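Notes for the one structure printed next.
So that the names make sense, note that chain A is the first sequence line, chain B the second, and so on, each numbered from 1. What you are looking at is a predicted structure, and each value in this text was computed from that prediction instead of being measured.
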There are 2 protein chains.
Amino acid sequence: MDAGGFDAVDVMLEQWRSERPDLDLSGVGILGRVAQLSAVLAGAVEPVFARHGLRSGEFDVLTALRRSGPPYVLIPSALSETLMMSRAGMTSRLDRLEAAGLVRRSLDPDDRRSFHVALTEAGHEVVDAVIAEHATNVAGLVSCLDPGQRQSLDQALRTLLDHVAKRQ
Amino acid sequence: MDAGGFDAVDVMLEQWRSERPDLDLSGVGILGRVAQLSAVLAGAVEPVFARHGLRSGEFDVLTALRRSGPPYVLIPSALSETLMMSRAGMTSRLDRLEAAGLVRRSLDPDDRRSFHVALTEAGHEVVDAVIAEHATNVAGLVSCLDPGQRQSLDQALRTLLDHVAKRQ
DNA sequence: AGAGGATAGTTAGACTCCGAACTATCAGAC
DNA sequence: GTCTGATAGTTCGGAGTCTAACTATCCTCT
């Protein structure tokens with residue numbers, strides 16, 4: 001299984017070693033693999049969403065609401081912060097989801113600048129169905145690593161995330 | 001150092017455990033951290049490019065040409081495949097880079113459907129300056145991991161990449 | 001040599017996202 | 001109580017990418 005072959009990142013590193021042997025490549029390879037893996041994983045999970053008529057971004061909003069627990073309500077700015085995107089972008093995502101009947105905006109009794117964004121019954125049913133398929137799908141994607149490898153990968157990612165976040 | 005605190009992904013997993021204890025979350029956490037790390041890393045490297053008037057995508061094209069070695073020439077379809085994007089998108093990136101004087105399109109003597117995309121002298125100078133800064137920057141970003149941790153992270157990413165790519 | 005299918009690049013239109021500007025509302029200082 | 005700065009959401013215009021359709025060229029098979 002695995003290991004043996006060279007991949008696109010190996011080729012990139014070998015080219016750099018040949019052209020610029022002075023460079024410190026200790027980070028470049030990891031960065032390249034993270035970026036590439038992120039793109040490939042996105043492509044691997046989208047078909048599950050698409051079968052239910054959802055895009056990744058819409059799924060992300062529905063899951064944020066679903067996992068927040070009853071009454072499945074969040075305000076737009078909390079959603080945009082959780083999903084690391086602009087408020088303007090969230091406005092249009094919510095427009096789409098509301099038009100599809102999956103979420104509902106209602107007045108926030110405590111803050112008249114804001115809204116409550118709630119899952120509709122249809123939205124709740126869709127997200128519950130999709131999240132089960134999604135979890136099974138991604139469990140398969142990481143099944144090539146044994147539990148120990150998964151945990152050490154997860155720990156390394158957590159350490160990196162923490163370190164990089166502190167830098168800005 | 002590190003480890004101690006909970007991060008956004010831990011919160012997400014805890015919410016799911018509370019709301020849907022039936023789900024297998026063995027992949028969801030890793031997927032979430034990879035996506036988040038990819039986004040955060042993108043934000044951490046962009047300032048280096050921006051100081052030289054470049055966007056990430058433009059930098060990617062220049063480095064692909066630079067590391068290919070003399071005569072620093074590739075054809076557009078090779079670039080679009082290496083950078084995992086559509087040919088249409090590459091057309092417009094090359095338009096921008098050519099307008100900025102960093103690359104030059106010329107006729108491909110061997111294939112009249114295609115072009116040679118070459119680094120100009122200005123493009124060569126820019127990419128050589130930026131790649132050095134970039135390498136130093138990312139070496140700092142991964143410096144929170146010791147060499148052994150880096151290597152095991154890299155190996156896990158490679159295994160995952162290989163496995164996910166084979167699935168599609 | 002000629003036909004048919006594959007490939008290279010571009011164009012057109014749609015989509016998603018972002019930053020900046022704007023309105024409405026909140027919250028603290030005086 | 002009122003003023004002032006911060007915050008919530010939206011709108012607008014622009015940037016970057018994608019897919020589909022199109023033209024030109026190449027390559028293979030007969």
Rounded to the nearest angstrom, tell me the gap between atom CZ in B/Arg113 and atom P in D/dT25. 10 Å
Reckon B/Ser77 touches a base, only the sugar-phosphate, or nothing at all at heavy-atom distances under 4.0 Å? sugar-phosphate
Apply ring-ring contact (aromatic ring centres under 6.0 Å, His included) to residues B/His134 and B/Phe49 and explain how you reach the verdict. CA-CA 8 Å; B/His134 175 67; B/Phe49 309 147; 5.3 Å; yes
At 4.0 Å (heavy atoms only), tell me whether B/Arg87 reaches a base, stays on the sugar-phosphate, or touches nothing. base
Salt-bridge present (A/Asp60, A/Arg55; N to O < 4.0 Å): no
According to a hydrophobic-cluster definition based on side-chain heavy atoms being under 4.5 Å apart (Ile, Leu, Val, Met, Phe, Trp, Tyr only), do A/Val117 and A/Val73 belong together? no
Between CD of B/Glu81 and C1' of C/dG9 the distance, given in whole Å, is 15 Å
For A/Glu46 and C/dC15, what is the distance between atoms CD and P respectively, to the nearest whole Å? 16 Å
What is the distance, rounded to the nearest whole Å, between atom CZ of B/Arg112 and atom P of D/dT23? 18 Å
B/Phe115 CZ to D/dT23 P, straight-line distance once rounded to whole Å: 17 Å
How many Å lie between CD1 on A/Ile75 and P on C/dT25, as a whole number? 16 Å
What's the CE-C1' distance between A/Met84 and C/dC18, to the nearest Å? 15 Å
Taking only side-chain nitrogens and oxygens of B/Arg55, does any of them come within less than 4.0 Å of OP1 or OP2 of D/dG16? yes
Is it true that B/Arg113 and B/Asp108 make a salt bridge, defined as a side-chain N closer than 4.0 Å to a carboxylate O? no
Tell me which residues in residues 88-111 of chain B put a heavy atom below 4.0 Å from DNA chain C, sorted by number, or none. B/Ala88, B/Thr91, B/Arg105
Taking OP1 and OP2 of D/dT17, is either one under 4.0 Å from a side-chain nitrogen or oxygen of B/Ser86? no
Residue pair B/Glu19, A/Arg66: steps toward the salt bridge (Lys or Arg N to Asp or Glu O under 4.0 Å) verdict: CA-CA 8 Å; B/Glu19 284 295 310; A/Arg66 177 61 182 84; 2.8 Å; yes
Rounded to whole Å, CE of A/Met85 lies from P of D/dG16 at a distance of 18 Å
Under 3.5 Å, which donor-acceptor pairs do the side chains of residues 23-31 of chain B form with other protein atoms, sequence neighbours left out?
from: B/Asp24; atom 1: OD1; to: B/Ser26; atom 2: N; distance (Å): 2.9
from: B/Asp24; atom 1: OD1; to: B/Ser26; atom 2: OG; distance (Å): 3.0

Using a strict threshold of under 4.0 Å (side-chain N to carboxylate O), is an ion pair present between B/Glu14 and B/Arg17? yes
